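Here is the structure we will look at, set down as structure tokens.
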Amino acid sequence: MKKKNNMRKILLVLALLMTAFTAISQRFSAVCESGQTLYYNIIDEENHYVELRREGYQLFSGDIIIPGEVTYNGTVYTVKGIGSRAYYDCEGLTSVVIPNTITYIGESAFNCCLNLTSVNIPESVENIGPLAFSSTKINEIYIPRSVKNIGYSIGQFDKITVSPDNPFYDSRNDCNAIIDSRGDTLVLATPNTVVPNDIKAIGMCAFRFIKSLTSFNIPSSVTYIGVLAFSESGLKSIVIPKTVECVAGGAFWYCDSITSVTIESPTTKMYGDGGSFMLGAIAYCPLVTLSLSTTPVKLEKGTFEIVTKVWGYPYEDEEGDYVPTYYIWVPSGMAKAYNETDWAKVFIIKDE
């Protein structure tokens, strides 16, 4: 019996060693044309496909020319993708040339490459992950016809051009923005975006970080405002029109210049998944005026969740009840109506 147990242990160790060896054998490195050692994962052994990957905290600088093919152990592999965070935080990286074999650019692939000024997106690319070029010095970007999926906040650009032949995205009316044609959703804006009057939604992080954005007229066609849509922008005031059915969590998070929020419809839902839509105003602008509709706006569950958990406004007493500590102003004569709703559990209500 003892011999059997020992044999099982030996077999288990061998299996673990083989697994580890296989994992290691799926990775290799090679020097590229521009002189840097690049790191790869084998993602498809049968078709000989690899993706670029990160190796520890390896940082790159200068200009990188990514090869379309790389040879390892006598086998030629096609470079098909740039993996998530492959070049994250490479502050010294100034430009990158991407071959036309690449089909995807992963999440945060070049995020925080603070001196990256130039990048090409070839016609082979189909997917661009969230934050792919965020926090770089890239001023303009061209979205080719091949791109099918674009993640949120892929970068902060001054100029955006979308191929007129792209069936999934457009930049209609030379609006200087990326719009998802499938749902008429504004995906990414610039400081110079001219918002079309036919969009139906403002997507996640669409205007995030645009400090020059001090005012914005939401088109009457819009019914939805996405998570973090205007977060950390320079907005000073905003009017949520009656057509807007839902404002997602964190839509105006960290808008520390905002002093006026107007909600025109009592049926507009305000969610708190990931942060209240008014969190920035409440947490950082004590003089903000919330001009609410004459019929009390319904409070959806979680709208002020982050305020409660992080900032302590409001806080819960020993019985678990909210104790209001923050003032809001409602239309003149409406304080009584609001005090009879859940708003009174969250705020001290005052007439304008």
Side-chain angles (χ1 to χ4, degrees), residues 11-60 63-90 93 95-113 116 119-134 136 141-155 163 165-169 180 182 187:
L11 291 173
L12 177 60
V13 170
L14 288 173
L16 291 173
L17 287 173
M18 288 178 66
T19 301
F21 176 78
T22 301
I24 292 172
S25 68
Q26 297 298 307
R27 297 184 173 192
F28 66 92
S29 62
V31 178
C32 67
E33 179 184 342
S34 48
Q36 299 94 341
T37 298
L38 304 183
Y39 300 88
Y40 301 91
N41 279 332
I42 299 175
I43 56 175
D44 187 332
E45 187 67 75
E46 182 179 354
N47 292 300
H48 302 156
Y49 293 158
V50 296
E51 71 169 6
L52 289 150
R53 65 177 174 85
R54 190 171 191 86
E55 175 69 17
Y57 200 65
Q58 178 71 39
L59 298 179
F60 294 86
D63 306 327
I64 289 182
I65 300 175
I66 297 173
E69 294 181 339
V70 61
T71 301
Y72 173 62
N73 282 346
T75 301
V76 177
Y77 291 89
T78 302
V79 183
K80 297 294 285 185
I82 302 174
S84 297
R85 299 171 68 89
Y87 300 100
Y88 175 80
D89 207 24
C90 291
L93 188 62
S95 72
V96 58
V97 176
I98 301 174
N100 60 9
T101 59
I102 295 291
T103 59
Y104 63 90
I105 300 171
E107 180 174 357
S108 292
F110 297 94
N111 190 5
C112 290
C113 293
L116 180 62
V119 68
N120 66 300
I121 300 178
E123 291 286 348
S124 56
V125 172
E126 297 180 354
N127 299 288
I128 304 174
L131 304 168
F133 303 103
S134 185
T136 68
I141 194 167
Y142 174 77
I143 305 298
R145 62 182 179 180
S146 57
V147 175
K148 299 177 181 179
N149 295 290
I150 298 175
Y152 63 85
S153 198
I154 63 168
S163 168
D165 297 323
N166 189 302
F168 305 104
Y169 295 94
D180 190 329
R182 292 161 288 192
V187 175

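This is a predicted model, so every value here is computed, not measured. The figures here come from the full heavy-atom set of this structure, side chains too, leaving out hydrogens, waters and symmetry mates.
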| said: According to side chain to side chain contact (heavy atoms under 4.5 Å, CB included), who are the partners of Tyr49, at least two apart in sequence or on a separate chain? | reply: Ile43, Asp44, Asn47, Thr78, Lys80
| remark: Hits for side chain to side chain donor-acceptor pair (under 3.5 Å) against Asp180, two or more places apart or cross-chain, chain-then-number order -> Arg182
| query | Between atom OG of Ser146 and atom CZ of Phe168, what is the distance when rounded to the nearest 0.5 Å? | reply | 10.0 Å
| remark: Those residues at least two apart in sequence (or on a different chain) that pass side chain to side chain donor-acceptor pair (under 3.5 Å) with Glu55 are Arg53
Show the atom names and distances, to 0.1 Å, of all donor-acceptor pairs under 3.5 Å that link a side chain in residues 120-133 to residues at least two apart or in another chain.
residue : atom : partner : partner atom : Å
Asn120  : OD1  : Ile98   : N            : 2.8
Asn120  : ND2  : Ile98   : O            : 3.0
Ser124  : OG   : Asn100  : O            : 3.1
Ser124  : OG   : Ile102  : O            : 2.6
Asn127  : OD1  : Asn149  : ND2          : 2.8

| message | Can you list everything that forms a side chain to side chain contact (heavy atoms under 4.5 Å, CB included) with Val31? Sequence neighbours excluded, please. | response | Thr37
| said: So, using ring-ring contact (aromatic ring centres under 6.0 Å, His included) as the criterion, who are the partners of Tyr40 when residues are at least two apart? | reply: Phe28
| query | In Å, rounded to the nearest 0.5 Å, how long is the span from OG1 of Thr136 to CD1 of Ile141? | reply | 8.5 Å
| query | Which is it for Glu69 and Thr101 under the side chain to side chain contact (heavy atoms under 4.5 Å, CB included) test, yes or no, and what are the steps along the way? | reply | CA-CA 8 Å; Glu69 294 181 339; Thr101 59; 5.6 Å; no
| task | Grab the two heavy atoms, one from Val76 and one from His48, that are nearest each other, plus how far apart they are. | result | O-CB, 3.5 Å
| request: List for me each residue that meets side chain to side chain contact (heavy atoms under 4.5 Å, CB included) alongside Arg85, sequence neighbours excluded, and say none if there are none. | output: Tyr88, Ser108
| request: Considering non-hydrogen atoms only, spot the tightest contact between Ile66 and Pro99 and give its length. | output: O-CD, 3.4 Å
| request: To the nearest 0.5 angstrom, please state how far the CD1 atom of Ile105 sits from the CD1 atom of Ile82. | output: 5.0 Å
| message | Which residues pass the side chain to side chain donor-acceptor pair (under 3.5 Å) test with Ser34, not counting sequence neighbours? | response | Gln36
| field | Spatial distance of atom OG (Ser29) from atom OH (Tyr72) [nearest 0.5 Å] | value | 9.0 Å
| query | Out of curiosity, Leu52 CG to Asn41 CG, how far, rounded to the nearest 0.5 Å? | reply | 9.0 Å
| note | Separation between OG (Ser95) and CG (Leu116), nearest 0.5 Å, reads 7.5 Å
| query | Which heavy-atom pair separates Cys32 from Pro67 by the least distance, and what is that distance? | reply | CB-CD, 4.1 Å
| Would Tyr77 and Glu51 count as a side chain to side chain contact (heavy atoms under 4.5 Å, CB included) if you check the C-alpha gap in whole Å, the side-chain angles of each, and the deciding distance to 0.1 Å? | CA-CA 10 Å; Tyr77 291 89; Glu51 71 169 6; over 6 Å; no
| task | Quick one: list whatever passes side chain to side chain contact (heavy atoms under 4.5 Å, CB included) with Asn73, sequence neighbours left out. | result | none
| Of all residues at least two apart in sequence or in a different chain, which pass the side chain to side chain donor-acceptor pair (under 3.5 Å) check with Ser84? | none
| request: Indicate the atoms forming the closest heavy-atom contact of Gly83 with Ala109, along with that distance. | output: O-CB, 3.9 Å
| field | By ring-ring contact (aromatic ring centres under 6.0 Å, His included) - contacts of Phe60 (at least two apart) | value | Tyr87
| said: So, applying side-chain contact (heavy atoms from CB on, under 4.5 Å) with Phe110, which one of Val96, Ile154, Asp89 is it? | reply: Val96
